[in-house]
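Along the sequence shown, residues carry numbers from 1.
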Amino acid sequence: MAFTMHSHSGQFCSHAVDQLEDIIQHAISLNDGPQAALAAMPKRHEAYLAEAQRLQAAYAAQIHIIIGFESEFIRPEFGPLVAKLAAASPCVDYFIGSVHHVHSIPIDYDAAMMSAAVAASSRTGQPADGTEETLYEDYYDLQHEMLTTLRPRIVGHFDLIRLLSEDPGRDVRQWKGVWERVLRNLKVAAEQGAWLECNSAALRKGLAEPYPGRHIAEEWLKLGGKFTLSDDSHGIGHVATNYLRAVSYLQSLGVEDVWTFRRHPHPQEQGQRRATLEDVAVPLAEIRAQFEPAATQ
């Protein structure tokens with residue numbers, strides 16, 4: 001059964017659309033399995049958690065909702081804030097550790113912002129001396145700090161830095177310093193028992209492969225790493241988009257299962273301690289069978 005571990009609603013995420021309940025109802029209509037109710041460092045965090053719990057209980061017979069949020073790690077000082085949000089309520093099951101900024105500049109927003117981040121990565125202090133190679137190094141250094149500080153169960157869009165790159169399909173193994181950092185971060189994530197998400201939003205945004213790209217994914221598998229599956233949806237129109245392509249990509253790497261959580265108990269009971277999360281393998285063959293009929297119509 002298909003699922004997503006990374007989704008957003010306009011109700012609680014300023015750059016998304018649609019109400020959280022409408023998105024849940026749409027997921028049910030697609031016959032999705034576990035659905036993560038997520039918000040990106042959500043505005044009105046308490047209101048978000050209250051609504052997520054209400055929906056978890058209201059739709060418990062139809063869908064298995066787990067509750068989390070996507071962390072921001074703009075600067076190291078964000079670590080305590082993420083920890084505070086994670087501990088805010090026992091209903092929070094997990095969070096995704098992501099990096100969207102380098103030198104406090106968004107690297108997934110537009111070309112102008114990406115250029116500013118490149119300039120800020122200069123090693124000489126002269127903006128013109130910044131390069132994508134130095135920016136990639138800085139991105140993976142910040143990601144390393146995020147991993148060691150937050151120790152997330154799921155690492156979000158591991159190589160998001162390539163989205164607005166001049167060459168998103170570039171083989172970064174040619175950049176020695178970048179590749180060393182990639183391998184270091186993968187090793188840290190594997191040692192922590194984290195999962196990488198196979199994030200299909202990269203396909204929606206025009207990239208040839210999901211996050212992470214093939215060379216990184218191959219190294220992750222050599223470490224015995226596991227993948228979860230995400231659409232990174234920002235509204236109803238994004239739910240489960242490009243899942244068949246994402247499944248084909250993973251299967252081409254030799255992956256047979258993706259992983260999700262099942263919470264015990266479900267739904268959260270009033271006054272109860274934090275739930276126990278069970279790791280559950282979902283065969284890619286099942287997800288393929290779910291989406292292939294629609295693709296051939």
- Answer with yes or no after comparing the ring centroid distance for F73 and F78 against a 6.0 Å cut-off, counting only values under it. no
- Task: Flag the pair Y140 / F158 as yes when their ring centroid distance falls below 6.0 Å, and as no otherwise.
- Result: yes
- Task: Search all heavy atoms of T134 against all heavy atoms of S121 and return the closest pair with its distance.
- Result: OG1-OG, 2.7 Å
- Task: Indicate yes or no: does R263 engage E278 in a salt bridge with an N to O separation below 4.0 Å.
- Result: no
- Item | Basic-acidic side-chain contact under 4.0 Å: K187, E191 | yes
- Note on the structure: Tightest non-hydrogen contact, residues L284 and V255, listed as CD1-O, 3.2 Å
- Item | Within the 6.0 Å centroid threshold, strictly below: H100 and H157 | yes
- OG-CD distance between S98 and E197, expressed to the nearest 0.5 angstrom: 6.5 Å
- Message: Is the ring pair Y48/H45 parallel, tilted or perpendicular, if the boundaries are 30 and 60 degrees?
- Response: tilted
- Smallest separation among heavy atoms of V92 and L49, with atom names: CG2-CD2, 3.7 Å
- Item | Aromatic ring pairing H234/H15, orientation class (parallel under 30°, perpendicular over 60°, tilted between) | tilted
- Task: Indicate the atoms forming the closest heavy-atom contact of V17 with I23, along with that distance.
- Result: O-CD1, 4.0 Å
- Query: With the threshold set at 4.0 Å, does a side-chain nitrogen-carboxylate oxygen contact exist between R123 and D138?
  - Reply: yes
- Is a side-chain N or O of Q11 found less than 3.5 angstrom from the main chain of L20, in a donor-acceptor match? yes
- Query: Strictly by modelled atom types, are Y59 and Q25 linked by a side-chain donor-acceptor pair under 3.5 Å?
  - Reply: yes
- Task: Taking all non-hydrogen atoms of both residues into account, name the closest pair between A120 and I105 and its distance.
- Result: CB-CD1, 4.0 Å
- Message: Within the supplied structure, the quantity of interest is the number of heavy atoms (other residues, nucleotides, ligands) at a distance under 6.0 Å from Q174 CD; does it exceed 12?
- Response: yes
- Are a donor atom and an acceptor atom from the side chains of S165 and E132 found within less than 3.5 Å of each other? yes
- Looking at W195 versus F227, is the centre-to-centre ring distance below 6.0 Å? no
- Item | Distance-minimising heavy-atom pair for G125 and S122 | N-OG, 3.3 Å
- Item | salt_bridge(D108, R162) N-O dist < 4.0 Å | no
- Query: Under a 4.0 Å N-O cut-off, is there an ion pair linking R184 with D141?
  - Reply: yes
- Task: Scan side-chain atoms only and decide if H215 and R173 contain a donor-acceptor pair under the 3.5 Å cut-off.
- Result: yes
